[in-house]
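Throughout, protein chains are lettered first and strands after them, A, B, ... in sequence-line order, and every chain is numbered starting at 1. Note: hydrogens, waters and symmetry copies are ignored here, and every other heavy atom, side chains too, is used.
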Protein chains: 2
Amino acid sequence: MSEDSHLSLRERTRRAVQAELVDVAQRLFVEQGYEATTVDSITEAAGLSKRSFFRYFASKEDLVMGKYDLMGEQLQAGLTARPADEPVWTALRRMFDDVIAYTADTSNSARMDEMERIVSASPALNAAYLQRLDQMQSDLATIVRDREEQAGRPRAATDPSPEAIVGAAFACMAAARRTAIRFDDQSLPDLVDRAMSDLWTFDR
Amino acid sequence: MSEDSHLSLRERTRRAVQAELVDVAQRLFVEQGYEATTVDSITEAAGLSKRSFFRYFASKEDLVMGKYDLMGEQLQAGLTARPADEPVWTALRRMFDDVIAYTADTSNSARMDEMERIVSASPALNAAYLQRLDQMQSDLATIVRDREEQAGRPRAATDPSPEAIVGAAFACMAAARRTAIRFDDQSLPDLVDRAMSDLWTFDR
DNA sequence: CGCGCAAGTGGCACTTGGTGTCAACTTTGG
DNA sequence: CCAAAGTTGACACCAAGTGCCACTTGCGCG
């Protein structure tokens, strides 16, 4: 996958340890749940001190949330890559393609599903997840603002619309994701399409 | 305001203590910030033991979030009260009227603003707040589903649209709120109107 | 090659949020 | 007035983090 042979030994071992910590922790979380798994038990299973654990992850939560930070960057890149003259709603829909494809990839999907179940089972993790989503939306809203200006429709700083449309897109995505989890015969891309197009059919 | 003379002495003193704890804590939070204020310092200032504090609030977070739970119930009541034949988007907009009016009330607004600043200054509180919002949306989505069925437009259980439209409305509200905080010459109701009507003017 | 520095590590004490327990006390209902 | 039920403080305890310090290890440099 990603080439890291050019990194120093220090950096490589650091990443390896980090990855293994995630691995070990995830296994324990699945076995006994997130809250019930202490940092001590993780460090014991991984063979390093608690003190060092907190040098790899700012918090126990952070160990789980790391992946979602990457997703945020991926979304930003995805939206920025869309052509400037594309309608905003379409661009937002296409922005989700990469992350949907990633979760559909059979090599990641099992692990991802596991993590997702862990997150939704723990209120603390869920809250942290929502916080990341909120941050992503805020970042994406400024990109939308730029796009609108580029397209000759400048938005005043006091215009809440860019944040609103991004939030609406995320609401569709979230609704689709929840439905995909509850009914596993439904395909996520179809549900996203459905949510994002049906939104405009509601009476006003 | 609310009559509580019919409650037992126990219940009345309980509420009084609870209210004073919120009061004392809020003062300390403003002075030194949320994280920097320990539960010990709150209990010391209020004159009761730490153990008792946790009999009044499940957590330090809970002390702050209590108000928002009430807001959730208010929103549910507000939406349920809207006529069944009213367009969904309009009903969602009107649902917000009560809570907007409450925050605009000069007797509450100062304290509310203070709390809001405390919440947005603390990542932990912010995450907890987002979690409540998420829960509210989930509850409201089922109400929307019922409304749609009542109006002769039954939605399949696999249709993500009700959650999506509620999420979109909340996104508008959130965008408006953020804008109202950043530019205090803008009125919240106007911003909500703007966000909720401009949403449909985006290209697709 | 080897030297010195920066980075990484473990151990330990400490703080803070939160829980379990229990004995003493207060409210309430009969 | 009395017994049951609820409330309280004190104390011990647990888990997540942090600060500190001595020690080791990878890395650049002469």
Side-chain angles (χ1 to χ4, degrees), chain A residues 4-22 24-26 28-29 31-66 118-119 122-128 131, chain B residues 4-22 24-26 28-29 31-66 118-119 122-128 131:
Chain A
D4 51 15
S5 51
H6 57 96
L7 295 168
S8 69
L9 175 69
R10 263 195 184 129
E11 193 60 21
R12 269 180 293 147
T13 57
R14 179 172 177 79
R15 307 228 174 165
V17 172
Q18 200 153 9
E20 187 179 336
L21 276 173
V22 172
V24 167
Q26 183 162 352
L28 292 176
F29 291 160
E31 283 171 17
Q32 26 177 327
Y34 173 77
E35 332 273 1
T37 305
T38 68
V39 174
D40 279 329
S41 72
I42 298 171
T43 60
E44 190 182 348
L48 84 173
S49 74
K50 187 174 82 165
R51 197 64 191 80
S52 288
F53 175 93
F54 286 107
R55 290 189 182 106
Y56 284 99
F57 301 100
S59 65
K60 184 176 145 188
E61 205 179 83
D62 206 49
L63 180 146
V64 180
M65 286 297 129
I118 294 168
V119 170
S122 154
L125 283 181
N126 220 307
Q131 202 182 11
Chain B
D4 50 16
S5 50
H6 56 96
L7 296 168
S8 68
L9 173 68
R10 258 192 191 133
E11 194 60 21
R12 270 179 293 148
T13 58
R14 179 172 179 78
R15 306 230 175 162
V17 172
Q18 200 154 7
E20 187 178 337
L21 276 172
V22 171
V24 167
Q26 182 162 354
L28 292 175
F29 292 158
E31 283 171 17
Q32 25 177 322
Y34 173 77
E35 332 272 2
T37 304
T38 68
V39 174
D40 278 331
S41 73
I42 298 171
T43 60
E44 190 182 348
L48 81 173
S49 74
K50 187 175 80 162
R51 196 63 190 84
S52 288
F53 175 93
F54 286 106
R55 291 190 182 104
Y56 284 98
F57 300 100
S59 66
K60 185 174 146 187
E61 207 178 83
D62 205 51
L63 180 145
V64 180
M65 286 298 128
I118 294 168
V119 171
S122 154
L125 282 181
N126 220 306
Q131 202 182 12

> Where is the tightest heavy-atom contact between A:L63 and A:L21, given as atom of each residue plus distance?
Replying inline: CD1-O, 4.1 Å

Between [atom2] of [N] and [atom1] of [X], the distance in whole Å:
X	N	atom1	atom2	value
B:E44	C:dT16	CD	P	12 Å
B:F54	D:dT8	CZ	C1'	16 Å
A:R12	D:dG26	CZ	P	12 Å
A:R15	C:dG8	CZ	P	12 Å
A:L48	C:dG10	CG	C1'	9 Å
A:R14	D:dC27	CZ	C1'	17 Å
B:D62	C:dG17	CG	P	15 Å
A:D40	D:dC14	CG	P	12 Å

Where the side chain of [X] is concerned, which of [options] is the nearest nucleotide?
X	options	result
B:K60	C:dT21, C:dG10, C:dG18	C:dG18
A:R51	D:dA16, C:dT19, C:dG10	C:dG10
A:R55	D:dC20, D:dT18, D:dC27	D:dC20

Considering every strand and a 4.0 Å limit on heavy-atom distances, what is the contact class for [X]: base, sugar-phosphate, or nothing?
X	result
A:Y56	sugar-phosphate
A:S59	sugar-phosphate
B:T37	sugar-phosphate

> Quick one: on DNA chain C, does A:F53 or A:K50 contact a more 5' nucleotide (nearest heavy atom)?
Replying inline: A:F53

> Is a side-chain N or O of A:T43 found less than 3.5 angstrom from the main chain of A:D40, in a donor-acceptor match?
Replying inline: yes

> Quick check: does any side chain N or O of A:Q131 sit under 3.5 Å from a backbone N or O of B:P123, one acting as donor and the other as acceptor?
Replying inline: yes

> When you check the phosphate oxygens OP1 and OP2 of C:dG10, does a side-chain N or O of A:S52 lie under 4.0 Å from one of them?
Replying inline: yes

> Got more than 12 heavy atoms from elsewhere within 6.0 Å of CD, B:E20?
Replying inline: no

> Do we get A:K60 above A:F29's six-membered ring, with its NZ or CZ under 6.0 Å from the centre and within 45° of the axis?
Replying inline: no

